[in-house]
Each structure stands twice: as structure tokens, then as C-alpha cells.
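Chain letters run A, B, ... following the sequence lines, proteins first and then strands; every chain starts at 1.
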Amino acid sequence: MRFWITVCIGAVALLGGIGIDGAFAVKPEDNRATREKGKRIYERSCIFCHGSEGKGDGPAGWYLGRYEAPRPRDFTTESFKFRSTASGELPTDQDLFRTVTQGIPGYMPSFAGLNEEERWQVVSYIKTFNPSFKEEKPQPLPLPLPPGPPTDAGIEHGRKLYMKYGCHSCHGDNGYGDGSESLKGNLKDSRGLTISARNLTERESLKNGSTPRDIYRSVMTGLDGTPMPSFADSFAGKEKDAWDLIYYILSLSQDRR
Amino acid sequence: MVSRGQSAVLLWIALALFGLVAAVLPDDAQALPAFARKYNMNCTACHTAPPILNTFGQRFLENGYQLPGTEDGGITGKKKLGDLTLDDVNNYVSFRMVGNAVSNWNFKQQNPPGTDAGVAVNKTEFTFPESFTMFTGGTLTKNVGFMVELGYDTSTGSANVERGFVSFNNLLGHDVAHVRVGRFDVGAFYSYTTVRQQLNDVGESLAGTGPNGAACGSGTFNPCTINRMGLTPSALATKFFGLYDRTGNYLSPYASSLFNSGGEMGIDVHGRPFGDWFLYQVGVLNGANEPTGDSNKGKDVYGMVRFDYAKSRDFSASLSGFVYLGHSNAKVQTQDDVNWNRYGVSGRATYKMVDVYAAFAVDKINKTPTGVAGQFDSTATGLTVGVDTYVTSKTMVSLRYDNLDAGGMINERQSSSFVGTQVKHFLRNNIAVFVRNDFNLRKADTGSTAAQNLRNAFFSGIDVIF
């Protein structure tokens, strides 16, 4: 049984590693006409949650979490959850495009129904809410391919890293999101709202994507505005350790299928 | 028959069960109905609290079950026919069970005494589920949506196609014109929507005979004695006493009707051609109380406009107005046709967790038949004002005021005023338990009509959507 679980994780990791990593598209020129078209789409599709000024204060936004997190993203702040860039930096255009395309499980639908050009137009318009996008050129962190298929020893090593770095205190010993900090209600987002740790056994619910490379990205960049920190420094020069942890996280859901 | 003491015990049992269920069930949200499953979304992306829609959900509905601003054809979750699995059916089929598990009615006296043997001063019933609904909906392809809703009413034992229509969307340009064809809820886009309320409709209790002791029902054109009035939003209700459908069935003055009916057959066009701030809707219907095949009757027509603000600061507001013109859409006791019209306005505002709404409607009968001249008030009005608000992330409190200034046969009509209160706790986003109490503001110890002698009504129930 363990063998087949490992094989499955390896297959998923391989698929994730060879490019099934969200939608990529050639970005059109970011000019006034593009932004104007993006504005029209934004006001039909996005305004109800993100608001007319991009502050995340659209009239439908409160109902997502009510008195708890999450609320829709406030594009005017520097705090973006879903990035490929270092913690504290703005997302890349590709990051924004990926979120619009894939959506956020549970909270934002995939807008793959808009064609790629329309999605890029929306990305161009979203960036106008935050002047920092004009000044900064965010660069993604390296996102390497998996070094190889998972092994039992590697997964066991990943489990030890999971405990060593304190993942269990929020996500729980078995990844159910029932860590002590979460259960006590100590986890707050940047708005001061109570936020729950993600249940890692339900991979499809992971907000920043569920492929191995998505999870790697989340661990390395952190989710700004939430208690989930970046572990880029912890794993600097320890790429294999990072992948062992990712494989262990994957095994939490694989074990339960 | 249940004694007063037994009723009190049952009520305490109901409240205890409510608390117990609320305490022991897990509080995370995993089981989600079809649209939420299809788009991998939480129910609250589209609903303030099911079944009431927020602004995003309203635009999704208007767009023929496509995401606002898109013509996606339900691209998310779309598969080729040969690739469909049983799990995929989940993305198109949902069920709703809703009803009062315990109802307690407090009458001062019956009307007329003795017509409903077994009804006492206090009456307590176990009834859940009163209504069971299966609906399937979504998109067939780009810009073609559909909805079929089958309802079963356990109190009457009847099953009906509540709604069944196909929509052709984004004709002549994005959001310019959406066309619905079939049986649909006409007031779906109105600021206060008939089929989306937190306080569920409670039907009236009819005696089966009229005040003169003669049977009432199909073909009789005889009024039914109302033992216990219904609890529905007055603005949406029929309001007239002494109206009949075209086969002679007595029309309940408390049932939702005309523009505000749950489902009518016809063609409807709506759109927002000038932007999000303005919605138009026009349509033609077979009309209220139209039996199949009654082709000699004229059609009913309607028009509605709605103005919206839904931009920022956690605030939205809408104001709607409609005109509904009926054509031979009811009869009076003399079996003469009448043209029954309605004119209505409604408004709704949401700010963060507070949802406030109001609706007012004037019903008019054009040209009262000479046979009932002087006996029939041809004007009736209904007012409904309410507020829903979450007091915690999972508990919603609702308050609603209704006033019905009834029209119709002067010797039958009974105006009424009620205040309904409800506490609804969402165990999950799709499972809720509630307790509700309705107070009669016109109760009278000596009241001899249903609108006066119903002193109080208490309900405890469950609302499950899956």
C-alpha cells in the first residue's frame, strides 16, 4: 500500500513539475487601452467583492467569512497572499493572472470563462489600484523541479521537518488544520480577523493551488497577510529538505484516499 | 388534541432539540449545493444567507447561471458527455428540505366555532419537512441556461413543476438582453424576491366549507372559511377576499401572486444595457390562474425597472418598481371576469452584515362587475418591511413587519398586521435550524375572524440544502 501511495505522489509531483502549474499566456502590452478594457470587465465581474477602488470592500465581500477571515483582497495594500515572490513583495503579473484563471477554492471562482486577453486586461487594471506596481518589478523566487520521486525515507524526513518547523502548531499533527494555535483562535489575519489553518488532508481546498509546485511555492513565499510565514530562509540551500516536506504534505492527503 | 400543558412541554422539547443539534454538529462547511460544487465555491459567495442572494449571486442569476461579466457557459466543471461520472451529477442537481418541525398555533377562538373539529385553543404539530424540492440547473452551452425545480408539498400531498425554463443570454451584446422561456419566477430580479425569504411562507388553514355551510372548491365559486390565516409577505400576497380562479377555486388572499408569484408561464426579457446601475425587465404571461388550454383568455403583461448601487464601502442598494397588468386573470362570485392589476415598489440595502428591505404593492381590480357593485372594494394594499442581520458568523436574526389592508368582498375581507421574528443558526452553510414567532398586532379577545383570533404562532424548524 505504502508503495502505491509513493508511486501516486511521484506521478502527481512529476505532472506538477513538467508544467501543469496554472495557466500561462503571452502577456499583451500594458497600455491605456488595455487598462480601459480591463476596467469594463472588472466592473462587471470583480467589483461586487473587491469594490470600485480595489479596497476589498465590495458589497458581497463581507458574506464570504462574515466576522471571520477571509475578506476579498485589498489591492491598494502591499499584502498579497498568492505570489511567487519573496514575502513582503508584490506579486508578479503572472501571479495575478494565475489567481484570476484558477480562482481560490471556496472563495473566488475561476474566471477561465474570460478569454486570456480579457484576463490580462483585468490584471493590467488591477495594478492601477496600487502605485507600487509602477515602481517595483517583482521577481519570482526560483521554483525548481522536484529532485526525484519521493521515497519512504524522504517522506519520513519531511514529517520530522513538519514538526521541527512548527507546522503542526497550526495545521495539527496529522494536517487536519486542528493545531493548538488554530483551535485556540489565536490565528489572525492582517485585518485582525480570526483565520483557520488549512486542512492539509483536503488538497483540493488549498487556496494557493494543490500541485506539488503550488505547495512548494506557498511554503517558500508564505501567504502575506496571514500567519503563514515564508520558509525561504529556513530552506536556503536545502532544496531536498524542502521537497521532503512537500512530499510529506502530499502524503497527508494521499493516505486518506 | 393536545392540552395547553402538553403544548408547553412540546415547545420545550423543540427548543432543547434546537440547542442540542446546534451544539453537537460540526461547524465547518463542506457539503455544498450544485452551483457551489460546480465552481468550487462557498455558498456565501453568492448568498447573504441561503436562499437570499447577494449582489454577486444576483448578477450570476441574471446572466443565466454564468459568472458575472462572462459568457462562460459554465466552463468550470464542463465535460464531454462520455466523460461524465456520477459525481458530476452533483454539479447539476440539488435538493432542499425545509419546514417547521414543530408548529404551535394559539387561537383565542375558532372562526366560526366548530368548523374545524379538533382545533383547540392551542394546537401543536410535528410537520417537517413541509416542502421538499429538487432542482437542477446550469448551462447547456455558452449563453444557454436552464432550471427545473420540482416541488413536493407534504401538507397537501401535491407535486408540481415549480419552475422550468430555458434562458438565452447576452443577445445583441453582453447584458443587453437575456430571454427566459417557460415557467419562471417573474419577480426573480425584484429588490424583494418572492422565493427568497428568511421567514418561510406558512399557508392558511381553510375550513373546506363557506360561512353558509356550502362546500367551497373547484367549480363552486363559494368562499372558503379561513380558520387560520397564512403568514406570507403582505406586499406579495393576493390581498383580495372573494376572488376565484377561472375554474371557480377560491383564491387565498395570503398566497403570493401576479408579478410576485413563484412561477408563471411565459416569456421574459431582462438586461442591463447601460451598465450595472440599471436593470429592465418586460414580459408576457399566460397569466395568473390560467388553466392549461384556456386559450380564450388574454395575456398578462408586466414591466419592471431597477436601479442599483453596488460599488464599494461594503454597501449596496437597489430600488425597483413594476407594473403588472392582468387580463381576465380572475373571477368574482358572480363568475364575471375581472382585470386584476398590481403596482409595486421595493427597496433593499445591505451594509456589511445588515440586510434591510421593504416592499409595497397596490392591487386594483379594473371595472368591478355590476353583480358585486357596492359589495366589493376594488383596491387593496400590502406592506412588508424587514431586516436580517448576522449577530455572529453563524447566527442570523430576522425581523419582519407585514400589513395587509385587504380588499374584495366587504363582508369577507380581513385586514391583518403581523410581526415575525426569527433566529436562524447555520450549523453549516447549507444546514440551518431556526425558531420563529409571529405576533398578531390586531388580535382581539372577541375577534371573530382569522385575522383577529390568531394570537400567536411559534415555529421551530430546519432548512437543509444539499
Sort out for me which of B:A45, B:A310, B:G275, B:S316 touches chain A most, counting heavy-atom pairs under 4.5 Å. B:A310

When B:T70, B:T48, B:T350 are compared by non-hydrogen pairs under 4.5 Å with chain A, the top option: B:T48

Rounded to the nearest 0.5 Å, the CZ atom of A:R198 sits from the CG atom of A:L223 at a distance of 10.0 Å

Could you tell me the separation between the CD1 atom of B:I465 and the CZ atom of B:R96, rounded to the nearest 0.5 Å? 5.0 Å

Which atoms of [X] are under 4.5 Å from chain A, going by heavy atoms: the side chain, the backbone, both sets, or neither?
X: B:H174; result: both
X: B:R59; result: side chain
X: B:F56; result: both
X: B:D314; result: both

Are B:D276 and A:R44 ion-paired here, with the side-chain N under 4.0 Å from a carboxylate O? no

Basic-acidic side-chain contact under 4.0 Å: B:K424, B:D388: no

Chain B shares the most heavy-atom pairs under 4.5 Å, among A:S196, A:G51, A:A60, with A:A60

Can you tell me which portion of A:L64 sits under 4.5 Å from chain B's heavy atoms? Options are side chain, backbone, both or neither. both

Side-chain donor/acceptor of A:E204 to backbone N/O of A:S210, under 3.5 Å: no

Distance-only donor-acceptor check, side chains A:K188 and A:T194, under 3.5 Å: yes

